[in-house]
**Student:** 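Attaching a single structure in structure tokens format; questions to follow.
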Amino acid sequence: MKILILLWVLHLIFSFFTSSDTNPTSETYTLINATNLAKPGCLSRCGELIVPYPFGIGINSNCSIGPGFDVYCNNSIHPPKASFTKTDLTSIKLISDSTLRTTNNVAFKCYFPNGTTSRGFRIWANFMDGPYTFSEVNKFTVIGCDDYSWLTSETKSRDVSTGCATRCSTPKDVIGDQCSGNGCCQSSMPKDINYYRVRVFSMDDSENMSYTRSFNPCTYAFVGEENTFKFHGTTDLSDTFLKEKIEANVPIVYEWAIGNLNCTQAQATDGFACQYSNSSCVNSLRGSGGYRCICNEGYEGNPYLSPGCQDIDECKDPEKFPCYGTCFNTAGNYTCKCKRGHYGDAKFLDGCRRNPFHPLVLYIGVGSGLLAVLTVLSLSYFTAKKKKLVKLRKKCFEKNGGVLLEEKLKTTGGIGVGSMKIFHAGELEEATEKYAEDKILGRGGNGIVYKGNLPYNRVVAIKKSQRLDKGQREQFINEMVILTQINHQNVVQLLGCCLETDVPLLVYEFVSNGTLHRHIHNRKSGVGRLSWDSRLRIAHESAGALAYLHSDARMSIIHRDVKSTNILLDESYTAKIADFGASRVVLLGDHDQVTTLVQGTLGYLDPEYLRTGQLTDKSDVYSFGVVLAELLTGKKPIAMERCLAEQTLATYFEKAMMENRVLEILEVEVVKEATNEQLKATCELVCRCLNQVGRNRPSMKEVTMELETLRKFGRHPLFSQDSYNEMSSLMIETKPKDIYDVPLISNSDAFGEYSSSTTQIEDMMSEIHCPR
Ligand SMILES: *[C@@H]1O[C@H](CO)[C@@H](O)[C@H](O)[C@H]1NC(C)=O
Ligand SMILES: *[C@@H]1O[C@H](CO)[C@@H](O)[C@H](O)[C@H]1NC(C)=O
Ligand SMILES: *[C@@H]1O[C@H](CO)[C@@H](O)[C@H](O)[C@H]1NC(C)=O
Ligand SMILES: *[C@@H]1O[C@H](CO)[C@@H](O)[C@H](O)[C@H]1NC(C)=O
Ligand SMILES: *[C@@H]1O[C@H](CO)[C@@H](O)[C@H](O)[C@H]1NC(C)=O
Ligand SMILES: *[C@@H]1O[C@H](CO)[C@@H](O)[C@H](O)[C@H]1NC(C)=O
Ligand SMILES: *[C@@H]1O[C@H](CO)[C@@H](O)[C@H](O)[C@H]1NC(C)=O
Ligand SMILES: *[C@@H]1O[C@H](CO)[C@@H](O)[C@H](O)[C@H]1NC(C)=O
């Protein structure tokens, strides 16, 4: 017996040191009040309980974010009962932004006058597999005389326990309503536990509690929210329905969070939950980690579901956001101005004061008269200056071929012109904040690309071209007219241009996820790896776009600068071909080939074109072959560390193919993810694209068709047992494979390499050498 008490004292000392007094997170209810409560097609209520996403009603119904968030709703009883599982005795009472409350489960031990004992003294709660931990706003409480109880649990790193003892030999020992060791005792909840066991003991079992039994038949022990339980002295000690009262009125509070990674880690994984606007990710304060999504200040709604968080119209809720003047709602905030003729802070009652009347009013009158004269003078000066600016702009407009463009647009009869807009210089200046440095998305040989914000929240990419000479100008206008007529989902759309400035400006749609190059080669900046399926899809989409450009009925557009930095990825990782700065138009039937100054990027340049200067659509096929090789190997098109003969990826790849060791140079993950058929066929396709003789290369159309078939290979693995096994293991995964296979991070400066460095042949010759 003595040993037992000693042990218990030791436990108390231990738990005193392990439990700390951190403040529980303050509760908010933006989830509950959101209009986008539950996933579309899912119920948002179980009786009184509101079940906001990431929680969802129905076990395995796909309504929640994951298994631990499923809520079982029994509608066949009244009122309906929500619980974690079908057989769970406790029911869920309230779900808020960071916590969840359930009804209680009380451990007890009762002695009846007829000598029998009833006990439920070994209760436990287990959420080991769920996203829950017990909140520290809970207390562990024991009610009874000559009893002690303890709660035990384990965390990943240690065993924890807490407990307390309560004594009273007569009702007089119980001091009022204090829960301080006589009739009632309390201890705080261990941190970070997700399950516990509770046991109730008597100090002296042999005495059978005979001397306290008259006024205290039962002993109770429970975990529950601290301020919802109040001890009522001897009334509680003799109350035989206390168990039922506690179970109905004292909830257990759980903290919840998604997963066990922190925000930084989770951002890089599949299905990161915080991806809507005006919301952020917060790390859970739990020891077991995890994160939650919250709306930014001034916004409300469900941050886990489209359309994310919405601006709060503070002016409509004067109780919470007082305004004793004129209220204006702004994005994420509001302003409150004093009425005309008043000054001060209108957010407070009597915060505004009348403007003082000053005897100097006369002087002010004279002064303002003078000011008016000055204003008129300076105004006329500025209008003169503005006229000059307008004249200058007109001159530039003409110089840049604006008249030609206007005529072209008229003669094409408006086809595609509807989507083409001629912007004013001032408009674009405003959009880029006067071409501010921090708006630069990328620089390249063809110009600088800025991010621009047009009115109505339209984001665009604005390219300031290099200076054009007279001959290039006509070409430039020509191509612009053609490009505006291209409307292909995998081609970056040209929205318009501005010719009023010294150098022409081109306005493109903004593509948010940066270049393919960055996703293959510069993964340090937090971008995830592109899976093989994504790579194949991106290759297929890009090839389709090129085939479309090549095979237009009226004319063929040769891109001339196909490379991974010119393939952009939008927010859903759809490929978009960009930068037609170097493109040439070939009229079909007219000539099959045109001779041009050799232009392109080192590592992607077609050797035949380099030799002969004859440009054909097969040059794009060669460059595309290099991109495909990049997707397969993850290697850059030029690597100085390889020996001279293998410096370009094209030769390196061909050599490896020839020596039958191509598998060695493929990216390891690609080899794992792709089927054997896909690998073999893609490698062969690369080889055919890289053929030295343009005539022998497939057309972009053939490439597209082959890539399409290859994508189907993965889906319908009828071809080999190997790939069949691979597929069946994939099919167990329930998450959608294609869209989420790279983390969806919104990265505002992701456009960084929107470059177009075209290297002239001279540069190229000087760059090929072995550093030795
Ligand atoms: C949100 O819900 C909580 C709890 O239901 C309520 O107390 C609060 O007033 C609500 N807030 C708003 C802005 O509706
Ligand atoms: C849940 O989603 C998976 C995969 O998307 C699907 O197989 C399953 O049928 C869905 N279950 C329900 C109940 O809709
Ligand atoms: C609902 O709850 C009642 C009472 O607990 C139980 O008898 C019944 O089986 C439950 N129904 C379902 C569908 O679980
Ligand atoms: C003793 O009393 C309790 C409560 O009054 C009762 O539930 C139990 O059945 C009784 N036992 C016997 C053996 O009479
Ligand atoms: C408890 O008391 C009852 C009646 O007074 C008796 O029958 C029983 O044996 C006692 N139990 C113990 C463990 O002493
Ligand atoms: C997230 O976890 C990683 C690895 O444990 C750690 O390096 C990083 O500092 C954590 N980030 C935050 C914000 O806690
Ligand atoms: C925040 O929401 C507003 C609409 O309330 C929207 O206009 C704005 O673009 C959003 N901000 C971000 C950063 O997405
Ligand atoms: C709203 O504006 C006030 C005063 O302009 C400022 O103190 C406060 O921080 C702003 N709140 C938010 C959420 O931006």
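Remember, it's 1-based here, ligands and their atoms both numbered in the order they're listed.
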**Student:** Report yes if some heavy atom in the side chain of Asn278 is under 4.5 Å from a heavy atom in the side chain of Asp311; otherwise report no.
**Tutor:** no
**Student:** Measure the distances from the heavy atoms of Gly298 to every atom of ligand 8 and state whether one is below 4.0 angstrom.
**Tutor:** no
**Student:** Which ligand 6 atoms are under 4.0 Å away from a heavy-atom of Asn283?
**Tutor:** 12 (C), 13 (C), 14 (O)
**Student:** Using a strict 4.0 Å cut-off to heavy atoms of Ile77, name the atoms of ligand 3 that fall inside it.
**Tutor:** 2 (O), 3 (C), 4 (C)
**Student:** Identify, by atom number and element, the atoms of ligand 6 in contact range of Asn262, meaning under 4.0 Å from any of its heavy atoms.
**Tutor:** 1 (C), 2 (O), 3 (C), 8 (C), 10 (C), 11 (N), 12 (C), 14 (O)
**Student:** Kindly assign one of parallel, tilted or perpendicular to the pair Phe69 and Phe55, based on the angle between their ring planes and the thresholds 30° and 60°.
**Tutor:** perpendicular
**Student:** Among all protein heavy atoms, pick out the one at the shortest distance from atom 14 (O) of ligand 3; state its residue, atom name and that distance to 0.1 Å.
**Tutor:** Tyr72 OH, 2.8 Å
**Student:** Within the protein, is there a heavy atom lying under 4.0 Å from atom 2 (O) of ligand 8?
**Tutor:** yes
**Student:** Kindly confirm or rule out an SG-SG distance below 2.5 Å between Cys263 and Cys274.
**Tutor:** no
**Student:** Please round to the nearest 0.5 Å and tell me the distance separating atom OG1 of Thr219 and atom CZ of Phe108.
**Tutor:** 11.0 Å
**Student:** Under 6.0 Å between ring centres, would you say that holds for Phe84 and Tyr132?
**Tutor:** yes
**Student:** Does a salt bridge link Arg529 with Glu667, judged by any charged N lying under 4.0 Å from a carboxylate O?
**Tutor:** yes
**Student:** For ligand 3, which part of Lys81 has a heavy atom less than 4.0 Å away: the side chain, the backbone, both, or neither?
**Tutor:** neither
**Student:** How about Cys110 and Cys218: are their SG atoms under 2.5 Å apart?
**Tutor:** yes
**Student:** Looking only at protein heavy atoms, which one is nearest to atom 12 (C) of ligand 8, and how far off is it?
**Tutor:** Asn333 ND2, 3.1 Å
**Student:** Between Glu255 and Lys191, is there a salt bridge with N-O shorter than 4.0 Å?
**Tutor:** no
**Student:** Ignoring hydrogens, tell whether any protein atom lies closer than 4.0 Å to atom 5 (O) of ligand 8; use the non-hydrogen atoms only.
**Tutor:** no
**Student:** What atoms of ligand 3 come within less than 4.0 Å of a heavy atom belonging to Lys86?
**Tutor:** 14 (O)
**Student:** Looking only at protein heavy atoms, identify the closest one to atom 8 (C) of ligand 3 and say how far it is in Å.
**Tutor:** Asn74 ND2, 3.7 Å
**Student:** Can you list the ligand 8 atoms lying under 4.0 Å from a non-hydrogen atom of Gly332?
**Tutor:** 13 (C)
